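The structure appears right after this line, and notes come after that.
Source: prediction; values computed, not measured. Every chain is numbered from 1, with letters handed out A, B, ... down the list of sequences.
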There are 2 protein chains.
Amino acid sequence: MDFRKFIEQGEKLFLPNLSVDMVIIGFHEEKLKCLLLQIGDRWLLPGGYIFRSESVEAATVRILQERTGLPDPHFKFLSVFGGEDRNFTEEWQQFLEKDDINFTEDCWLNDRFVTLAYYSLVDFEKTKPMVGNLDSAFAWFGLDELPDMWMDHKKIVLTAKNRLKEDMQQEHLTYNLLPKEFTMPQLHQLHQTILEETLDRSRFQKKMIASGVFERLPKLQKDSPGRKPYQYRVKKA
Amino acid sequence: MDFRKFIEQGEKLFLPNLSVDMVIIGFHEEKLKCLLLQIGDRWLLPGGYIFRSESVEAATVRILQERTGLPDPHFKFLSVFGGEDRNFTEEWQQFLEKDDINFTEDCWLNDRFVTLAYYSLVDFEKTKPMVGNLDSAFAWFGLDELPDMWMDHKKIVLTAKNRLKEDMQQEHLTYNLLPKEFTMPQLHQLHQTILEETLDRSRFQKKMIASGVFERLPKLQKDSPGRKPYQYRVKKA
DNA sequence: ACAAAAGTGTTCAGCCTACACCCATGG
DNA sequence: CCATGGGTGTAGGCTGAACACTTTTGT
């Protein structure tokens with residue numbers, strides 16, 4: 001969408017005062033990373049607004065696809081952030097004062113926003129992040145090395161980090177962070193990273209296999225010393 | 001709030017296109033009941049809108065207090081319902097056409113609404129439901145005997161019913177449905193009702209006591225045959 | 001042959017399960 | 001004293017914890 005149109009006509013196109021924010025999480029170099037965008041000097045979560053003729057779910061998928069290039073990304077609802085003072089007046093002003101856009105104080109973007117926060121687990125290697133109209137860059141940040149962020153966005157990321165810990169103990173979803181085919185040692189390492197504690201290798205392996213969620217594939221070929229691990233993927237069923 | 005002001009000026013006072021709906025659940029006569037309001041011939045969930053200068057959380061609490069009369073009601077987020085065609089044009093029309101209010105097609109209430117659904121567990125006996133400006137009556141309905149309801153409201157109730165089943169296995173929250181002081185047989189019966197299955201009495205009792213969440217009080221005095229049960233309440237900690 | 005990596009076994013403790021049994025009270 | 005309701009005990013099975021052991025591979 002054209003930038004000027006977005007600023008000037010956004011309130012006609014989108015549901016006002018409501019946004020969607022995405023905590024997009026990947027796993028790279030033994031660490032959890034979060035995809036952030038840069039506007040001005042500061043960083044913020046990828047997000048967007050809901051077209052008046054679009055369901056919330058569709059908006060969520062669209063925003064995710066736009067940012068990650070993935071056709072069918074995983075996502076899960078996180079939380080509503082709805083503080084009465086939740087607006088981005090300062091942030092927009094800092095960024096837009098240098099531009100020639102007609103950005104007045106009563107612009108819809110300056111109003112209060114309730115945001116619907118989601119988190120999304122993606123395959124780091126498959127993800128092809130893209131910048132939007134407003135943001136000048138993207139980058140992956142370790143969840144413990146977050147930069148200065150807009151408003152409550154850092155709080156949203158940390159909420160996602162904690163929620164992921166809880167959710168993964170209830171349902172199988174961590175495989176979304178790995179390639180389609182992966183090994184138990186990889187999954188084991190991933191779980192340890194997310195939970196921030198060591199897990200008994202033997203028990204982990206048996207529990208995962210016993211869950212019946214995964215199916216075993218031929219062994220992985222690789223050039224490192226030691227036994228070759230089996231590969232697994234999620235059962236389609 | 002004055003009815004005319006609500007219709008005519010609501011869009012200035014509230015965040016537009018966003019509502020809060022409450023599945024208020026009580027336990028009475030061995031059954032789960034849900035508090036509904038009547039507008040015209042049909043029933044709907046208690047709900048409301050968020051003032052522009054009010055946090056979502058504050059709105060939630062306010063709406064709950066208005067409807068239940070309870071000072072500090074329990075509530076928990078349920079889900080977002082955000083379909084692209086989610087509006088109440090038909091429902092409002094049916095109800096308001098007999099009135100002399102200036103209710104035009106472009107009224108804010110006819111627009112699309114995204115709703116934030118919560119559920120709330122209340123002590124049936126302590127709850128003093130109240131009707132609002134719009135609704136003509138309230139009533140408690142068994143979760144398996146729901147009447148004809150607005151739009152997706154029945155779906156929201158059933159979502160709450162299922163979520164309650166899941167949540168209660170993770171955290172202690174069912175005591176919100178009972179008086180401050182209650183007995184294990186009561187709690188046992190309640191859990192069986194919610195889960196729709198029988199639970200071993202012995203095991204249930206030991207598990208509850210072992211959780212350390214409750215403290216034992218003197219035995220209950222009552223006039224029925226059989227041993228008198230202890231009373232319990234939640235530990236304040 | 002050795003070290004490293006991955007897979008599998010073994011033992012023990014603790015918890016869940018299904019009942020059985022024991023206590024208290026009113027009729 | 002017995003029917004009813006409520007509290008506690010026990011034997012077996014399943015699951016999780018900790019760690020040992022074996023297999024496979026590159027160097």
Side-chain angles (χ1 to χ4, degrees), chain A residues 27 29-30 165-172 174-175 178-235, chain B residues 27 29-30 165-166 168-172 174-175 178-179 181-235:
Chain A
F27 182 56
E29 290 172 348
E30 315 262 295
K165 273 193 208 180
E166 296 168 19
D167 288 353
M168 71 182 283
Q169 322 228 27
Q170 295 300 125
E171 48 179 326
H172 288 277
T174 48
Y175 59 81
L178 296 174
K180 269 211 236 6
E181 304 183 349
F182 55 88
T183 68
M184 280 299 155
Q186 276 180 289
L187 192 63
H188 178 231
Q189 178 56 52
L190 172 58
H191 277 233
Q192 290 193 141
T193 303
I194 297 176
L195 295 172
E196 297 175 300
E197 60 188 34
T198 56
L199 295 172
D200 183 88
R201 201 168 49 81
S202 162
R203 191 160 16 105
F204 178 81
Q205 184 127 339
K206 275 182 287 190
K207 198 164 148 188
M208 287 301 125
I209 291 170
S211 76
V213 174
F214 309 110
E215 60 183 344
R216 183 175 277 188
L217 301 171
K219 291 179 183 175
L220 178 68
Q221 298 307 313
K222 55 166 191 173
D223 301 339
S224 61
R227 190 166 171 171
K228 290 179 170 45
Y230 291 103
Q231 293 190 108
Y232 292 85
R233 69 175 170 213
V234 213
K235 272 189 195 165
Chain B
F27 182 56
E29 291 173 347
E30 314 262 295
K165 274 192 207 180
E166 295 166 20
M168 71 182 283
Q169 321 228 25
Q170 295 301 124
E171 47 179 327
H172 288 277
T174 48
Y175 58 82
L178 295 174
E181 305 184 347
F182 54 88
T183 68
M184 282 298 155
Q186 277 181 290
L187 193 62
H188 178 232
Q189 177 56 50
L190 172 58
H191 278 234
Q192 291 193 141
T193 303
I194 298 176
L195 295 172
E196 296 175 300
E197 62 188 33
T198 56
L199 295 171
D200 184 89
R201 197 169 52 83
S202 160
R203 190 159 15 105
F204 178 81
Q205 183 126 340
K206 275 182 286 190
K207 198 163 147 189
M208 288 301 127
I209 291 170
S211 76
V213 174
F214 309 109
E215 60 183 343
R216 183 175 276 188
L217 301 172
K219 291 181 182 175
L220 179 67
Q221 298 307 314
K222 55 166 190 173
D223 300 340
S224 62
R227 193 166 169 171
K228 290 177 171 49
Y230 291 103
Q231 292 190 107
Y232 292 85
R233 67 176 170 213
V234 213
K235 270 189 196 165

* Would you say the side-chain atoms of A:Gln192 pair up with the backbone N or O of A:Leu199, donor to acceptor, closer than 3.5 Å? -> yes
* Asked: By a strict heavy-atom criterion of less than 4.0 Å, which residues belonging to residues 196-210 of chain A are in contact with DNA chain C?
  -> A:Arg201, A:Ser202, A:Gln205, A:Lys206
Could you list, one pair per line, each protein nitrogen or oxygen that sits under 3.5 Å from a nitrogen or oxygen of nucleotides 24-27 of chain C, together with the distance?
residue : atom : partner  : partner atom : Å
C:dA24  : N3   : B:Arg227 : N            : 3.3
C:dT25  : O4'  : B:Gly226 : O            : 3.3
C:dT25  : O3'  : B:Lys228 : NZ           : 3.2
C:dT25  : O2   : B:Gly226 : N            : 3.2
C:dG26  : OP1  : B:Lys228 : NZ           : 3.2

* Exercise: identify the closest heavy-atom pair between B:Leu195 and B:Gln169 -> CD2-NE2, 3.5 Å
* Passing option when B:Phe182 is tested against B:Tyr230, B:Phe214, B:Phe27 for ring-ring contact (aromatic ring centres under 6.0 Å, His included) -> B:Phe214
* Nearest heavy-atom neighbours spanning A:Glu215 and A:Lys235 -> CB-CG, 3.9 Å
* Structure fact -> Separation of D:dG6 atom C1' from B:Gln189 atom CD, nearest Å, is 14 Å
* Asked: Do B:Glu166 and A:Gln170 have a side chain donor and acceptor closer than 3.5 Å?
  -> no
* **Closest non-hydrogen atom pair between B:Leu190 and B:Thr174, with its separation** => CD2-O, 3.4 Å
* Asked: For the pair made of CZ in B:Arg216 and C1' in D:dG7, what is the distance, rounded to whole Å?
  -> 8 Å
* Atom of A:Arg233, atom of A:Glu181 and distance for their closest heavy-atom approach -> NH1-OE2, 4.1 Å
* For atom NZ of A:Lys165, is the number of surrounding heavy atoms from other residues, nucleotides or ligands below 6.0 Å larger than 12? -> yes
